[in-house]
Amino acid sequence: MALAATAFVACSTQKQEKTSTVAEQLFERLDSLSKKGYMCGHEDATMYGVTWEWDADKCDIFATVGDYPAVMGFDLGGIEMGDAKNLDSVPFTRIHDEIVKHHKNGGVITISWHPRNPLTGGTAWDVDDTTVVKNILPGGTQHEKFKEWMKRVGDFLETLKSEEGQRVPVIFRPWHENNGSWFWWGQKLCSDEEFHGLWNMLQDYLNSRGLDNLLWSYSPNLDGNWDEARYMARYPGNDRVSLIGEDAYQWGTEEDFKKQLTADLDFVSAFAKKNGKLFAMTECGFKNMPDSTWWTRVLKPIMDKYEICYFLLWRNYKEEYFGPSPELPCAADFKKLYEAPNTLFLRDISEK
């Protein structure tokens, strides 16, 4: 009897050791899906579009191709202030409900955060003061304020549960585009040491609350000239990152974009593979799409060269849009993108 009990304990321990967190399960799912192709994502996909706002279940990508994006992106900017709506005027109650719904339908969720400037009170783009990060780290003048901000983020993330009470898996993507200097946490606004302190402070706090459903993504901006030393200077570390991202928009010429993006993806995809990380185009697009064939002529041929798990188009809004819509000239080309065997939309990844 004692031997049998010992065997049972050993078996139970082995099972416990094999139990994976919600974030680890998401990692395995994304890794498996990336072998089949790359998922299409869209920021605020069901919130508003080129010609509409707030209609239930409406979506520009669905209206264009008859399917929803596999990945939906949402932003928490404003949650730190206790606001009812985020920086894009989306109610946090609506964000919560759309996240839970998309998860229930089999989709993948990614969340970014554009917090206001805790030192000046300005937006995330307020870069007039270079001591913001220094002042929110332990010992800084704004540390206690920022602790409250982190608590509000954690409070919201804790509400993301399925109808069965299980935590919704989330790709969490803070402090993005840090190699640029347009956010108060950017390259010229804080030292490498301060950036690491910022990353670790937020991650350690959310981990302390038991939020094991967050798959952490590190996503610098398009650079075109990465090397190991420069990239590692702000990289949080393999123990702190599960997904390597690239934010890449075409702001200049097509030739420059293709050259820079190819150089970046060559480096970042190799870096991710060497370090056992997922790899994604965490933001991308071409503002107001002046090129009706950009999807299949420019973007897709480059992405096809790499094992990317998803690409996220930024939001569609009346004055500024990055995705397709039926009334836009690019709609026909996006349908070709949709029909490609290696592009995955919601129906392609849903188990239903």
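Positions are given from 1, in the same order as the sequence printed here. What you see below is based on every heavy atom in this structure, not just the backbone, and it leaves out hydrogens, waters and symmetry mates.
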Trainee: Spell out, as yes or no, whether a donor-acceptor pair under 3.5 Å connects the side chain of Asp31 to the backbone of Phe27.
Mentor: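 Side chain of Asp31 to backbone of Phe27, a donor-acceptor pair under 3.5 Å: no, none is there.
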Trainee: Any side-chain to backbone donor/acceptor pair from Asp129 onto Thr131? Under 3.5 Å, distance only.
Mentor: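 Judged by distance alone, yes, a pair lies under 3.5 Å.
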Trainee: Give a yes or no on whether Ile61 and Tyr321 share a hydrophobic cluster (residues Ile, Leu, Val, Met, Phe, Trp, Tyr; joining criterion: side-chain heavy atoms under 4.5 Å apart).
Mentor: no
Trainee: Taking side chain as C-beta onward, heavy atoms only, is Leu202 less than 4.5 Å from Leu206?
Mentor: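 Answer yes - side chains close enough.
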Trainee: Measuring from atom NE2 of His103 to atom CD of Glu163, what distance do you get when rounded to the nearest 0.5 angstrom?
Mentor: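 So the gap between those two atoms works out to 10.0 Å.
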Trainee: Roughly how far, to the nearest 0.5 Å, is the OH atom of Tyr317 from the CG atom of Asn288?
Mentor: 13.0 Å
Trainee: Counting only N and O atoms by type, is there a donor-acceptor contact under 3.5 Å from the side chain of Asp88 to the main-chain atoms of Val90?
Mentor: no
Trainee: Can you name the residues that form a salt bridge (charged side-chain N to carboxylate O under 4.0 Å, His left out) with Arg209, not counting sequence neighbours?
Mentor: Asp155, Glu158
Trainee: Indicate whether the side chain of Glu254 and that of Trp294 have a donor and an acceptor atom separated by less than 3.5 Å.
Mentor: no
Trainee: Atom CZ in Phe334, atom CE in Met289: separation rounded to 0.5 Å?
Mentor: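 Between atom CZ of Phe334 and atom CE of Met289 there are 9.0 Å.
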Trainee: Hey, quick one: are Leu265 and Met232 part of the same hydrophobic cluster, counting side-chain heavy atoms closer than 4.5 Å, chains of contacts allowed?
Mentor: yes
Trainee: Checking Ser162 now: which residues fulfil side chain to side chain donor-acceptor pair (under 3.5 Å) with it, not counting sequence neighbours?
Mentor: Glu164
Trainee: Without swapping roles, check the side chain of Tyr68 against the backbone of Asp57 for a donor-acceptor pair under 3.5 Å.
Mentor: yes
Trainee: Assess whether a salt bridge exists between Glu144 and Lys147, defined as any Lys/Arg side-chain N lying under 4.0 Å from an Asp/Glu carboxylate O.
Mentor: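 Salt bridge present between Glu144 and Lys147.
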Trainee: Quick one: sort the His176 and Trp185 rings into parallel, tilted or perpendicular, breaks at 30° and 60°.
Mentor: tilted
Trainee: Is a donor on one side and an acceptor on the other found under 3.5 Å between the side chain of Asn316 and the backbone of Gly323?
Mentor: yes
Trainee: For a quick test of your reading: what N or O donor-acceptor pairs under 3.5 Å do the side chains of residues 255-263 make, sequence neighbours left out?
Mentor:
residue: Asp256; atom: OD2; partner: Thr253; partner atom: OG1; Å: 3.3
residue: Thr262; atom: OG1; partner: Lys258; partner atom: O; Å: 2.8

Trainee: Hey, do the aromatic rings of Phe345 and Tyr338 have their centres closer than 6.0 Å?
Mentor: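 Judged by ring-centre distance (under 6.0 Å), Phe345 and Tyr338 do meet the cut-off.
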Trainee: Using every non-hydrogen atom in the two residues, find where Pro326 and Ala331 come nearest and quote the distance to one decimal.
Mentor: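 Here Pro326 and Ala331 meet closest at O-CB, 3.9 Å.
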Trainee: For Asp44, does its backbone N or O pair with a side-chain atom of Arg315 as donor and acceptor, under 3.5 Å?
Mentor: no
Trainee: Testing Tyr235, Trp184, Trp216 for ring pair (Phe, Tyr, Trp, His ring centres under 6.0 Å) with Trp175, which one passes?
Mentor: Trp184
Trainee: With a 4.5 Å cut-off on side-chain heavy atoms, are Val168 and Ile109 touching?
Mentor: yes
Trainee: Walk me through it: do Arg240 and Asp204 pass the test salt bridge (charged side-chain N to carboxylate O under 4.0 Å, His left out)?
Mentor: CA-CA 10 Å; Arg240 292 185 172 275; Asp204 290 348; 3.0 Å; yes
Trainee: For the residue pair Thr120 and Asp128, establish whether any side-chain heavy-atom pair is separated by less than 4.5 Å.
Mentor: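 They are not in side-chain contact.
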Trainee: Measuring only between side-chain heavy atoms, which start at C-beta, is Ile99 closer than 4.5 Å to Ile111?
Mentor: yes
Trainee: When you group the ILVMFWY residues by side-chain heavy-atom contacts below 4.5 Å and let the links chain together, are Val241 and Val22 in the same group?
Mentor: no
Trainee: Check the pair Glu307 / Lys273 against salt bridge (charged side-chain N to carboxylate O under 4.0 Å, His left out), numbers first and verdict last.
Mentor: CA-CA 9 Å; Glu307 193 171 287; Lys273 184 175 182 179; over 6 Å; no
Trainee: Please check if the side chain of Glu148 supplies one atom and the backbone of Phe146 the other of a donor-acceptor pair under 3.5 Å.
Mentor: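 No; judged by distance alone, with no hydrogens or angles, the pair does not exist.
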Trainee: Would you compute the distance between atom CZ of Phe311 and atom NZ of Lys300 and round it to the nearest 0.5 angstrom?
Mentor: 9.5 Å
Trainee: Is the backbone of Arg347 close enough, under 3.5 Å, to the side chain of Ser350 for a donor and an acceptor to pair up by distance?
Mentor: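 Flag not set: sc Ser350 to bb Arg347 has no pair under 3.5 Å.
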Trainee: Below 6.0 angstrom between ring centroids: does that apply to Tyr38 and Tyr310?
Mentor: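 Centroid distance Tyr38-Tyr310: not below 6.0 Å, so no.
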Trainee: So Glu24 and Leu215, do their side chains get closer than 4.5 Å, heavy atoms only?
Mentor: no
Trainee: State whether the side chain of Asp227 and the backbone N or O of Ala229 hold a donor-acceptor pair below 3.5 Å, judged by distance alone.
Mentor: yes
Trainee: Would you give the length of the straight line joining atom CG of Leu243 to atom CG of Leu278, rounded to the nearest 0.5 angstrom?
Mentor: 5.0 Å
Trainee: With a 3.5 Å distance limit and no angle check, can you tell me whether Asn221 reaches the backbone of Asn179 through a side-chain donor-acceptor pair?
Mentor: no
Trainee: Determine whether Val71 and Thr110 make a side-chain contact, defined as any pair of heavy atoms from C-beta on separated by less than 4.5 Å.
Mentor: yes
Trainee: Check the pair Glu320, Trp314 against side chain to side chain donor-acceptor pair (under 3.5 Å), reporting the backbone distance first and the verdict last.
Mentor: CA-CA 10 Å; Glu320 182 182 82; Trp314 203 240; 5.3 Å; no
Trainee: State whether a side-chain donor-acceptor pair under 3.5 Å links Arg116 with Thr123.
Mentor: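 The criterion, which ignores hydrogens and geometry beyond distance, is not satisfied for Thr123 and Arg116.
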Trainee: Go through it in stages, so that I can follow the logic: the residues are Asn213 and Thr21, the test is side-chain contact (heavy atoms from CB on, under 4.5 Å), and I'd like the CA-CA distance, side-chain angles, deciding distance and then a yes or no.
Mentor: CA-CA 7 Å; Asn213 57 321; Thr21 66; over 6 Å; no
Trainee: Sequence neighbours excluded, which residues qualify as side-chain contact (heavy atoms from CB on, under 4.5 Å) partners of Thr293?
Mentor: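 With sequence neighbours excluded, Thr293 shows a side-chain contact (heavy atoms from CB on, under 4.5 Å) to Asp291, Arg297, Asp333, given in chain and number order.
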Trainee: What's the shortest heavy-atom distance between Met39 and Ala70, and which atoms?
Mentor: CB-CB, 3.7 Å
Trainee: How close do Pro290 and Lys287 get, counting heavy atoms only, and between which atoms?
Mentor: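 Nearest pair, atom of Pro290 first, then Lys287: CD-O, 3.4 Å.
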Trainee: Is it possible for you to say whether Leu337 and Ile302 belong to one hydrophobic cluster, with membership spreading through side-chain heavy-atom contacts below 4.5 Å?
Mentor: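 In one cluster with Leu337: Ile302, yes.
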Trainee: Would you mind reporting whether Phe74 and Glu98 have side-chain heavy atoms less than 4.5 Å apart?
Mentor: yes
Trainee: Which ring-ring contact (aromatic ring centres under 6.0 Å, His included) pairs, counting each pair once, include a residue from residues 115-143, with sequence neighbours left out?
Mentor: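 Output for this query lists His114-Trp125, Trp125-Phe183.
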Trainee: Here's a test for you: under ring pair (Phe, Tyr, Trp, His ring centres under 6.0 Å), which of Tyr218, Phe279, Tyr231, Trp226 qualifies with Phe271?
Mentor: Tyr231
Trainee: Between Arg230 and Asp223, does any NZ, NE, NH1 or NH2 come within less than 4.0 Å of an OD or OE carboxylate oxygen?
Mentor: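 Here Asp223 pairs with Arg230 in a salt bridge, since their nearest N and O are under 4.0 Å apart.
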Trainee: When you group the ILVMFWY residues by side-chain heavy-atom contacts below 4.5 Å and let the links chain together, are Val127 and Ile136 in the same group?
Mentor: no
Trainee: Kindly give the heavy-atom pair with the smallest separation between Asp60 and Gly49, and that separation in Å.
Mentor: OD2-CA, 3.2 Å
Trainee: Ser269 and Tyr306: which non-hydrogen atoms are nearest, and at how many Å?
Mentor: OG-CD2, 3.5 Å
Trainee: Looking only at heavy atoms, what is the nearest atom pair of Ile244 and Ala272, with distance?
Mentor: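 Closest approach of Ile244 to Ala272, heavy atoms only: CG1-CB, 4.0 Å.
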Trainee: Looking at Tyr249 versus Phe286, is the centre-to-centre ring distance below 6.0 Å?
Mentor: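 Here the rings of Phe286 and Tyr249 have centres that are no less than 6.0 Å from each other.
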Trainee: Decide yes or no for Thr46 and Lys58: does some side-chain heavy atom of the first lie under 4.5 Å from some side-chain heavy atom of the second?
Mentor: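 Answer no - side chains too far apart.
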Trainee: CG of Asn86 to CE of Met47: how many Å apart, nearest 0.5 Å?
Mentor: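 Going from CG on Asn86 over to CE on Met47, the span is 8.0 Å.
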Trainee: Kindly state each residue pair satisfying salt bridge (Lys or Arg N to Asp or Glu O under 4.0 Å) with at least one member in residues 188-199, sequence neighbours excluded.
Mentor: Asp192-Arg234
